[in-house]
Protein chains: 2
Amino acid sequence: MTDINILPPDSGPHDAAETAEIRQAIELLFFAYRDFTSDPDVILSRSGYGRAHHRILHFVGAYPGINVAQLLAILRITKQSLGRVLKQLLKQGFVEQRPGKHDRRQRLLFLTGKGREFEARLSSPQHERVRRAFAAAGPDAVSGYLQVLEHLINESERKIILDAIKRG
Amino acid sequence: MTDINILPPDSGPHDAAETAEIRQAIELLFFAYRDFTSDPDVILSRSGYGRAHHRILHFVGAYPGINVAQLLAILRITKQSLGRVLKQLLKQGFVEQRPGKHDRRQRLLFLTGKGREFEARLSSPQHERVRRAFAAAGPDAVSGYLQVLEHLINESERKIILDAIKRG
DNA sequence: TATTTATGTCAGTCATGTTGACATATTTCG
DNA sequence: CGAAATATGTCAACATGACTGACATAAATA
């Protein structure tokens, strides 16, 4: 037992206390996201739609005139997956398509009045949750929150996404 | 046209600029979570497992001796859903069960050595992502980030969850 | 004109969630 | 002690939303 135990045991490439902090932060993100996404689910399941519908409604609402390829890139799903859900939203009159001005192969997507109404109803409990959390945590905390989220995004796409979000 | 247009148009119960800020924050959370969860997917799909397996491995690893009911409450799924995935993890020797000391009906869950190893491999890219984001954003931002996440959690369970996370 | 691109669609499969019903062991209550 | 409640497991059927692979059409581009 001639060890000189200055460092804590099992201190690998990363500090153990720091690792615990990271684990806690990961769990916090899990729980926050779990509750955050549960808000629209109540309304959705009563209406016979799912989260996939909400995601489409959100991004078409936020970026009117978005095309199919862009939507696919955002959602990271295949066109077959998107197609099934989007077809329903078109048929129900929540979303409409117009051919692109410059490229007439493209189908630009827009929410109809009915679509905007439904999207707002789905989003409102989520908006309220975020609004309350921001108010409770205060502006400095919000700023830090946004900074960390930005850095969690893949660096390769970070700039493009941030630009799009701010313009949207 | 005798309107006195002092307020911006369509200013409902909430300020329009604030609403835009909330929408941006929601999208940022979506993109951050999307990329955050994509990390283990690469390893998982190569191994023939899914996110459901990872979630179980994470929480059993973080809370050794957790029982089935607690795990169900955290994941918010039915015991049938949990059962299917947990059964595989037991059979593959990643998780083991021991009867509860006080209540022998309970099955307390633990990771095996093999399970700890696999969990660490799955989590490491996620940990690295968070670690880098925290380092880039700085300690004050991290503190704000955590504060906001806490307030996004349902208020009714917030205290219990936070206590559990900090003890875990 | 030939090729590439943007989109749509058919068919089959998989992962993971759901509900409902029922079984077993154990604890707790009257 | 015996009855009821609890913790867990399991069977079956079904829904949602992912996936792959193949193929079709219209429009842009080389």
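Predicted model, so just to flag it, every value in this text is computed and none were measured. Below, read A as the first sequence line, B as the second, and so on, with proteins coming before strands; counting in each chain starts at 1.
The shortest distance between side-chain heavy atoms of A:Leu162 and B:Leu28 falls below 4.5 Å. The closest side-chain heavy-atom distance from A:Asp35 to B:Leu152 is not below 4.5 Å.
For the salt bridge (charged side-chain N to carboxylate O under 4.0 Å, His left out) with A:Asp39, the qualifying choice from A:Arg132, A:Arg129, A:Arg121, A:Arg34 is A:Arg129, the only one to do so. The salt bridge (charged side-chain N to carboxylate O under 4.0 Å, His left out) with B:Asp163 is formed by just one residue from the set B:Lys166, B:Arg167, B:Lys159; it is B:Lys159.
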Item to check | Letter per nucleotide, 5' to 3', of nucleotides 15-21 of chain D [B base touched, S only sugar-phosphate touched, - untouched; heavy atoms, 4.0 Å] | outcome: --BBBBB
Next on the checklist: Please encode protein proximity along nucleotides 25-30 of chain D as a string of B, S and -, counting only heavy-atom distances under 4.0 Å.
Outcome noted: -BBS--
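Ring geometry for B:Phe94 versus B:Phe118: interplanar angle under 30°, hence parallel rather than tilted (30 to 60°).
In the 5' to 3' direction, nucleotides of DNA chain C lying under 4.0 Å from heavy atoms of chain A begin and end at C:dT5 to C:dC10.
A:Glu155 CD: 12 or fewer foreign heavy atoms inside a 6.0 Å radius. By the neighbour-count criterion of 12 heavy atoms within 6.0 Å, atom CD of A:Gln80 is densely surrounded, having more than that number from other residues, nucleotides or ligands.
No donor-acceptor pair closer than 3.5 Å links the side chain of A:Asn154 to the backbone N or O of A:Glu157.
At the heavy-atom level, B:Gln97 lies under 4.0 Å from the strands shown only through sugar-phosphate atoms.
B:Tyr145 and B:Glu150 share no donor-acceptor pair across their side chains, judged by distance under 3.5 Å alone.
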Checklist entry - So A:Phe36 and B:Phe30, ring pair (Phe, Tyr, Trp, His ring centres under 6.0 Å) or not? Walk me through it. => result CA-CA 10 Å; A:Phe36 168 75; B:Phe30 169 83; 9.6 Å; no
